[in-house]
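Quick caveat: nothing in here was measured; it's all calculated off a predicted structure.
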Amino acid sequence: MWQWYLPAYTLKDWIKPGKEQCKLSSAMMVEQLRFWRTCISYGFCISHFTDFFPVLCLWLSPPVFQNLSEHNVLTEFSSIARESFLVLGALAQRLPLLHSVEQFGKQDMGVPGSYGEMWSWSHVVPMVNSALSWLHLNDIPYLCSLINGQSENTTHTPEQSCLVLLISSVLGMLNSTLERISPEGTPDSRSYCLPWIPDFVPKIGLGIITNGFFSFSCTEVVGHEEQLPSRGVSLVQGLCHLRCWGDVDASLSSISCLQRLVQLSCSVDRVIQRATTNSSEHLKESKAGLAGKILQEGISSLWHNDLLNFLTSLLPLISSQWPVLKNIEMFGRGGLAPGVGFGWGTCGGGFWSLKCLLAQLDSQLVLELIKIVSAVPEGLVTLSKGANSDNVTNPFANASERISPVLGVSLIAGPGQISTLERAFDILFQPSVLKCLKSSMHCLASQMKLPKTFEWDITEDEYQHFSSVLNSHFRSRWLAIKKKNPDKHARNNSAINKPKVPETLETIQEEMELTEVVNPPCSTLVLEWAHQRLPLPAHWILSSICCSDDADVSRAGLIFLLGLEAVSAAPSLDVPLVWKMHALSASVRTNMDLLQEDRSKDVFEALQELYGKHLDILCQKYYRSRSVNNDEVVRSVATVEEVKVISTHEILRFKEKIHESYTTFVESVVDQFAAVSYGDVIFGRQVAIYLHRSVETTVRLAAWNALSTAYVLELLPPLDKCIGDVKGYLEPLEDDEGILEAYAKSWTSGILDKAARRDSMSFTLAKHHLSGFVFRRSASVKVRNKMVKSLLRCYSQKQHHEAMLQSLVLQGVPRDSQYGSEVGRRIEILKDACEMNSSLLAEVQRLKTSIEGAIIS
């Protein structure tokens with residue numbers, strides 16, 4: 001840092017050695033300033049400010065830009081000036097609260113620790129005045145073209161990016177200073193008033209208003225045009241154009257500047273609104289004229305055109321970014337080598353790439369903008385005037401457009417961005433958003449022709465309660481730091497051998513060894529990948545219904561999930577179907593009370609119907625991929641995930657996607673069904689989904705054996721009442737011998753007797769697949785003969801099985817001219833399977849006689 005101890009020099013002295021020397025000097029000073037800023041963040045080296053100030057002040061005031069341009073050193077100067085203001089911003093964060101003595105009794109309200117040094121308010125005013133001189137944008141080359149609307153016709157240059165980043169650091173420094181006057185999120189902030197504010201606060205606000213940062217098209221402009229810049233022209237519009245059409249450098253600089261500008265505007269509004277009538281005389285003087293009126297009413301409340309236009313342009317960017325970033329996770333959380341610079345080998349760059357950084361900056365700005373929109377009484381999403389919030393037929397047109405990007409933000413945020421997720425959760429779980437989602441469920445019910453139309457109401461108190469429990473659950477579930485459970489290690493090291501207690505399957509594998517603790521404040525700048533859960537998986541929205549023992553959380557989670565499906569929120573649609581089906585099973589396994597409460601029962605049934613239709617669509621795509629050109633099917637699917645899903649008939653791969661021991665979970669669900677369901681149809685539908693042909697063979701076999709062992713096969717609903725189309729359970733014909741033998745065993749043991757009388761899907765399923773296996777020509781002769789003999793012996797011993805065996809023989813035989821010949825062919829197959837056993841042949845003859853008698857009658 002020796003350069004900062006040199007005697008003060010002028011800008012001319014710095015330029016004189018030539019461009020190469022300026023470039024070298026700039027690089028060294030930037031790195032030194034970055035090192036100093038890091039020390040300041042930890043609370044060290046703050047007292048060095050007085051030593052470094054003589055040299056530092058050279059870079060804090062706007063220079064004669066023409067001289068810099070002539071010597072081609074504008075970029076080098078801008079880099080040093082930017083780092084200088086970033087240092088001042090870090091110093092401002094180490095200021096004590098201005099009114100801590102008067103208002104908070106010397107309490108620490110945001111200082112990271114009691115051990116660090118503190119900056120002095122006596123140094124602030126000169127630094128703020130230097131920063132204010134940079135707000136005159138028309139005096140700065142390359143930026144005046146943005147204000148004058150020439151950005152669309154000019155070529156982007158590196159100098160422009162450097163100057164935009166410089167203005168961003170200036171705005172950030174001013175915002176950090178205002179944060180120490182009136183911090184955001186102060187307890188009782190609505191009623192909290194500042195006894196006085198520094199004179200530079202209204203100067204900052206007036207500098208923003210009068211220098212072309214925003215365009216004000218309000219009616220008050222008429223007659224005061226001379227006090228404001230040209231109407232319809234603003235820096236925000238120019239930066240918006242750079243973000244949408246510029247390269248990565250231009251996009252990063254513009255989005256950074258926009259974010260700091262939004263934050264500073266909100267901070268100015270907050271400080272002035274909390275100021276009392278006894279504030280400084282300068283504040284009173286600044287309220288004169290149009291600029292003062294805008295300052296009094298709030299800057300952010302009067303630039304809705306810029307705000308809404310920019311928010312509208314950013315929302316599609318967020319919606320397009322998170323699916324691309326999802327590819328980072330294809331090799332595991334964070335992609336390949338998350339600690340290596342740019343994430344080599346990862347599609348689209350690693351988690352630390354510029355593409356991911358840009359997406360994160362976009363997402364943070366979207367949250368800032370949506371927060372401002374949400375501050376109005378109507379909230380994030382609104383109803384048209386006069387519409388009943390619980391009885392509308394048309395959901396809000398902008399509901400999905402506003403909710404989907406916030407969900408997208410949740411998938412973009414990475415380690416160290418817990419505050420971003422907290423703001424996203426605060427937006428998502430607002431009562432107004434829940435009302436919107438509840439209202440959209442009516443449209444979904446009419447589109448799907450559901451018998452239940454959700455006519456029940458949710459009170460305001462319940463909306464508040466649901467909002468609170470959902471926010472609390474998702475924060476504790478996903479944002480809390482993970483920590484190893486010491487009790488488990490103690491058990492492992494114990495010398496006492498205790499009987500092994502079966503452990504229930506966790507939805508998220510990480511939870512098997514880790515528990516949650518309160519998240520402490522960050523005391524390091526290092527971003528640790530371990531001991532935290534960011535970035536979130538796509539299925540994080542399901543945790544409220546499958547990872548909580550609290551019935552209220554599960555009820556609210558069901559409404560929230562169905563609402564997201566109703567408004568077609570993109571990230572929720574991208575959650576794999578297998579996770580959604582598992583979440584429903586986990587919810588009824590944990591909280592059977594959900595099916596005893598009318599509202600939760602209706603929502604649960606609607607989700608079953610919705611996911612059943614989704615499953616039918618995937619099955620149809622699979623069938624089509626087997627019969628037509630596979631390339632045509634690939635082009636017709638919506639996502640890459642669907643291409644992977646329909647590559648095999650096992651669409652619901654629970655064991656592969658959820659947990660390798662998923663059969664244990666299925667058995668526990670069946671035990672719960674047998675113990676407390678009393679044949680509940682909705683619970684039975686959920687259990688029956690594990691017998692769907694798109695489910696893995698091992699899971700289907702485990703589900704059937706568990707149901708058979710518990711003697712509850714007859715409690716399953718009829719096939720036409722199950723989730724999804726009937727065809728999905730019956731086609732293709734079962735070819736796994738283990739499952740066919742399980743069907744035959746349940747048949748011969750009499751477990752299916754009641755199921756046949758009750759028309760349960762279990763009997764229909766077993767009858768269809770056993771018949772197909774026995775009477776199709778490609779069947780294994782040895783296994784078929786063994787199975788036929790077993791069925792005939794059971795038939796000979798149990799006369800009431802006559803109707804069951806008749807239905808098996810006649811299963812799928814069309815009632816046409818070939819009916820008799822087909823029945824005769826099947827009887828011959830049964831005779832051949834008897835292998836000349838006279839007693840079994842006699843039973844076949846008796847069966848043939850009974851079938852002929854039934855046909856005649």
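Between the CG atom in Asn591 and the SG atom in Cys546 there is a gap of 11.0 Å [rounded to 0.5 Å]. One distance of note links CG of Leu594 with CG of Leu584; it measures 10.0 Å at 0.5 Å rounding. Expressed to the nearest 0.5 Å, how far NE2 of His473 lies from CG of Asp550 amounts to 10.0 Å. Between the CG atom of Leu421 and the CG atom of Leu479 there is a distance of 5.0 Å, given to the nearest 0.5 Å. Here the OG atom belonging to Ser661 is positioned 7.5 Å from the NZ atom belonging to Lys655, to the nearest 0.5 angstrom. In this structure, CG in Asn471 is found 11.0 Å from CD1 in Ile427, a value given to the nearest 0.5 Å.
By the 4.0 Å N-to-carboxylate-O rule, Glu696 lies too far from Lys657 to be salt-bridged with it. Salt bridge annotation for Arg475-Glu422: present, with a cationic side-chain nitrogen under 4.0 angstrom from a carboxylate oxygen. Under a 4.0 Å N-O distance rule, the pair Arg599/Asp602 does not qualify as a salt bridge. Ion pair Arg693/Glu734 flagged as a salt bridge, since at least one NZ, NE, NH1 or NH2 atom sits closer than 4.0 Å to an Asp/Glu carboxylate oxygen.
Using cut-offs of 30° and 60° on the angle between ring planes, the pair Trp478 and His539 is perpendicular. Ring pair Tyr662/Phe665 is tilted by interplanar angle, where 30° to 60° counts as tilted. Below 30°, between 30° and 60°, or above 60°: for Phe673 and Phe683 the angle between ring planes is above 60°, a perpendicular geometry.
Between Leu407 and Leu564, the closest side-chain pair of non-hydrogen atoms falls below 4.5 Å. A heavy-atom distance below 4.5 Å is found between the side chains of Tyr463 and Lys435. Within the 4.5 Å cutoff, no side-chain heavy atoms of Tyr678 are placed close to those of Leu715. Contact check for Leu434 versus Ile559: no side-chain heavy atoms found under the 4.5 Å cut-off. Annotation: side chain of Ser363 is not in contact with side chain of Gln417 (no heavy-atom distance under 4.5 Å). Residues His614 and Glu609 fail the side-chain proximity criterion, which asks for heavy atoms closer than 4.5 Å. Under the 4.5 Å side-chain criterion, counting only non-hydrogen atoms from C-beta, Leu562 is not in contact with Leu437. Side chains of Gln596 and Asp593 form a contact here, defined as non-hydrogen atoms less than 4.5 Å apart.
Side chain of Asp616 to backbone of Asp725: a donor-acceptor contact under 3.5 angstrom is found. Remark: side-chain polar atoms of Thr420 are not paired, donor with acceptor, to backbone N or O of Gln364 under 3.5 angstrom. Side-chain N or O atoms of Ser468 include none that pairs as donor or acceptor with a backbone N or O of Gln464 at under 3.5 Å. Proximity of a side-chain donor or acceptor of Ser600 to a complementary backbone N or O of Glu597 within less than 3.5 Å is not detected. A donor-acceptor pair is defined here as one N or O able to donate and one able to accept, closer than 3.5 Å; such a pair exists between the side chain of Thr709 and the backbone of Asn705. A donor-acceptor pair under 3.5 Å links the side-chain atoms of Thr459 to the main chain of Glu462, judged by distance alone.
The minimum heavy-atom distance between Ile545 and Ser554, with the atom names listed, is CG2-O, 3.6 Å. In terms of heavy-atom proximity, Val553 sits nearest to Ser544 at CG1-O, 3.5 Å. Residues Gly563 and Ser440 approach most closely at O-OG, 3.8 Å, considering heavy atoms. Between Leu470 and Gly557, the closest heavy-atom pair is CD2-N, 3.8 Å. Taking every heavy atom of both residues into account, Gly414 and Gln360 meet most closely at N-NE2, 3.9 Å. In plain terms, the two heavy atoms of Arg533 and Ala480 that are nearest each other are NH1-O, 2.9 Å.
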Derivation of the side-chain contact (heavy atoms from CB on, under 4.5 Å) call for Gln686 and Arg589: CA-CA 10 Å; Gln686 194 59 39; Arg589 175 189 168 275; over 6 Å; no
Is there a side-chain contact (heavy atoms from CB on, under 4.5 Å) between Val603 and Met441 once you walk through the steps? CA-CA 9 Å; Val603 174; Met441 290 160 51; 3.9 Å; yes
Evaluate side-chain contact (heavy atoms from CB on, under 4.5 Å) for Ile682 paired with Val588, printing each intermediate quantity in order. CA-CA 10 Å; Ile682 297 180; Val588 293; over 6 Å; no
Please test Met761 against Lys721 for side-chain contact (heavy atoms from CB on, under 4.5 Å), starting from the C-alpha separation and ending with a verdict. CA-CA 9 Å; Met761 66 86 61; Lys721 293 184 178 180; over 6 Å; no
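For the residue pair Ser585 and Tyr690, a side-chain donor N or O sits within less than 3.5 Å of a side-chain acceptor on the partner. Asp552 and His465 share a side-chain donor-acceptor pair at under 3.5 Å.
More than 12 heavy atoms of other shown residues, nucleotides or ligands fall within 6.0 angstrom of atom CG in Asp720.
A distance below 6.0 Å separates the ring centres of Phe429 and Phe560.
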